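Input: a single structure, listed below in structure tokens.
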Number of protein chains: 2
Amino acid sequence: MAIPKTTDLIAVSKHFQALADPLRIQIIELLREQELCVCDLCDRLEVRQSKLSFHLKILKEAELVRGRQQGRWIYYSLNLPQFVHLEQYLSEFRRLSPILPARICSDRPE
Amino acid sequence: MAIPKTTDLIAVSKHFQALADPLRIQIIELLREQELCVCDLCDRLEVRQSKLSFHLKILKEAELVRGRQQGRWIYYSLNLPQFVHLEQYLSEFRRLSPILPARICSDRPE
DNA sequence: TTGACAAATCAAATTTTTTTGATTTGATAG
DNA sequence: CTATCAAATCAAAAAAATTTGATTTGTCAA
């Protein structure tokens, strides 16, 4: 398994960052049930509309959700392939042997 | 699949938060190779020791890494079961049908 | 058109996270 | 003991993320 490039690692951390907020996780949990419009999310989560918009933008930029306009409403839903992508990043660790080889750390030259 | 409790969701977001930083992802990538002491991580990542200590603490609190003291050195390694745990959280989304049922959002009473 | 309403954007205030340099703690070797 | 060195802790500064309320944008219906 090759070591990922630094730029890839930054991308990975950015995606995890989108999941690093309780409200955003709650949004995702609600969308797991069904597609919802912003006003429904507002009602259920009891947060202001602009606050929700801010968090939806972060989730959208991380490609974890998608917005579909219909009339005056925008319906948000999960972008499942992106979840699979993150799952795969984590799954690589499962392949490692449970005990990593120790490495003796002694005083180095100069 | 039951809806997780709010407290669980906060815990989930906390764990993802630990992965939400490029340096911490880099630390994890290095530890994927082998157990390393703090001074080695400092050298390889070219960051100050106190900075590394700060980030290692976050990873340790999220149970993503473990520290093992040996003499003056503390060797850090990955705590693989925790990675599996997060992987499983994400894997639940794979079971969802790709297209979630739309829900019509119309004007609600009053 | 105009009015109503859903959602996005924006700037300012607030909160949280991260960085930095200095200090402390704890273990070892002499 | 005492020197030394690895690592943690701490307080202050800096940077980044989040919240808030007001405003704007876009769509639809009358």
Side-chain angles (χ1 to χ4, degrees), chain A residues 9-10 13-27 30-31 35-62 64-77 102-110, chain B residues 9-10 13-27 30-31 35-62 64-77 102-110:
Chain A
L9 300 183
I10 292 170
S13 69
K14 277 232 180 287
H15 286 133
F16 282 124
Q17 181 145 336
L19 295 170
D21 181 277
L23 183 58
R24 293 200 288 270
I25 291 284
Q26 286 185 86
I27 292 170
L30 285 178
L31 294 181
E35 207 181 37
L36 288 171
C37 70
V38 179
C39 56
D40 274 336
L41 286 167
C42 275
D43 286 354
R44 302 209 190 184
L45 295 168
E46 292 176 300
V47 294
R48 290 169 192 283
Q49 180 265 321
S50 65
K51 185 171 174 174
L52 206 47
S53 227
F54 169 81
H55 288 285
L56 283 170
K57 189 179 186 180
I58 288 174
L59 288 171
K60 200 160 52 179
E61 281 170 355
L64 290 165
V65 305
R66 280 172 308 185
R68 169 178 74 83
Q69 179 138 17
Q70 185 157 81
R72 267 188 289 202
W73 294 278
I74 297 180
Y75 291 91
Y76 278 92
S77 59
R103 183 187 163 286
I104 302 308
C105 177
S106 53
D107 303 311
R108 280 141 294 154
E110 85 259 83
Chain B
L9 299 183
I10 291 170
S13 69
K14 277 235 178 287
H15 287 133
F16 282 123
Q17 181 145 336
L19 296 169
D21 181 278
L23 183 58
R24 292 199 288 270
I25 291 283
Q26 285 186 86
I27 292 170
L30 285 176
L31 293 181
E35 205 180 38
L36 288 170
C37 70
V38 179
C39 56
D40 274 336
L41 285 167
C42 275
D43 287 356
R44 303 211 189 182
L45 296 168
E46 292 175 300
V47 294
R48 291 168 191 282
Q49 181 265 319
S50 64
K51 185 171 174 175
L52 206 48
S53 228
F54 168 80
H55 288 285
L56 283 171
K57 189 179 185 179
I58 288 174
L59 288 171
K60 200 161 49 175
E61 282 170 353
L64 289 165
V65 306
R66 277 173 308 184
R68 170 177 72 83
Q69 178 137 17
Q70 185 157 81
R72 268 191 290 204
W73 295 278
I74 296 179
Y75 291 92
Y76 279 91
S77 59
R103 184 188 162 285
I104 302 307
C105 177
S106 52
D107 302 311
R108 281 143 292 154
E110 87 256 82

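Since this is a predicted model, take the numbers as computed values, not measurements. In what follows, chains are A, B, ... by sequence order, proteins preceding strands, each numbered from 1. Keep in mind that the numbers below use all heavy atoms, side chains included, and drop hydrogens, waters and symmetry copies.
- Atom-to-atom, CZ of A/Arg68 to P of D/dT27 comes out at 15 Å; the value is rounded to the nearest Å.
- Nearest to the side chain of B/Ser53, among D/dC5, C/dA8, D/dA7, sits D/dA7.
- Of the candidate nucleotides D/dT27, C/dT18, D/dA17, C/dT18 has the atom nearest to the side chain of B/Ile58.
- In the set D/dT9, C/dA8, C/dT18, C/dA8 carries the atom at the smallest distance from any side-chain atom of A/Lys60.
- Side-chain nitrogen and oxygen atoms of A/Arg24 include at least one within less than 4.0 Å of the OP1 or OP2 phosphate oxygen of D/dT18.
- In this model, no side-chain donor or acceptor of B/Gln69 finds a partner on the base of C/dA27 within 3.5 Å.
- A donor-acceptor distance shorter than 3.5 angstrom exists from the side chain of A/Tyr75 to the backbone of B/Cys105, with no hydrogens or angles considered.
- Among the nucleotides C/dA8, D/dA7, C/dA7, the one closest to the side chain of B/Val38 is D/dA7.
- For A/Lys51, whose side chain is taken as the heavy atoms from C-beta onward, the closest listed nucleotide among C/dT18, C/dA7, D/dT19 is D/dT19.
- To the nearest angstrom, C1' of D/dT18 lies 14 Å from CG of A/Leu59.
- For B/Leu23 and C/dT18, the CG to C1' distance is 10 Å, given to the nearest whole Å.
- When distances run from any side-chain atom of B/His55 to the nucleotides D/dG21, C/dT18, D/dA7, the shortest one goes to C/dT18.
- Summarising the geometry, the separation between CD on B/Glu61 and P on C/dT17 is reported as 11 Å, rounded to the nearest angstrom.
- For B/Gln49, counting side-chain heavy atoms from C-beta on, the closest listed nucleotide (C/dA7, D/dG26, D/dA7) is D/dA7.
- Rounded to a whole Å, the CZ atom of B/Arg48 is 15 Å from the C1' atom of C/dT23.
- A/Gln17 places no side-chain N or O within donor-acceptor distance of the main-chain N or O of A/Leu19, the cut-off being under 3.5 Å.
- For the pair A/Phe54 CZ and D/dG21 P, the interatomic distance rounds to 16 Å; values are reported in whole Å.
- Listed candidates were D/dA7, D/dT18, C/dA27. Nearest to the side chain of B/Arg72 is C/dA27.
- When each of A/Ser50 and A/Gln70 is assigned the nucleotide of DNA chain D bearing its nearest heavy atom, the one mapping closer to the 5' terminus is A/Ser50.
- The phosphate of C/dA8 (OP1 or OP2) has a side-chain N or O of A/Tyr76 nearer than 4.0 angstrom.
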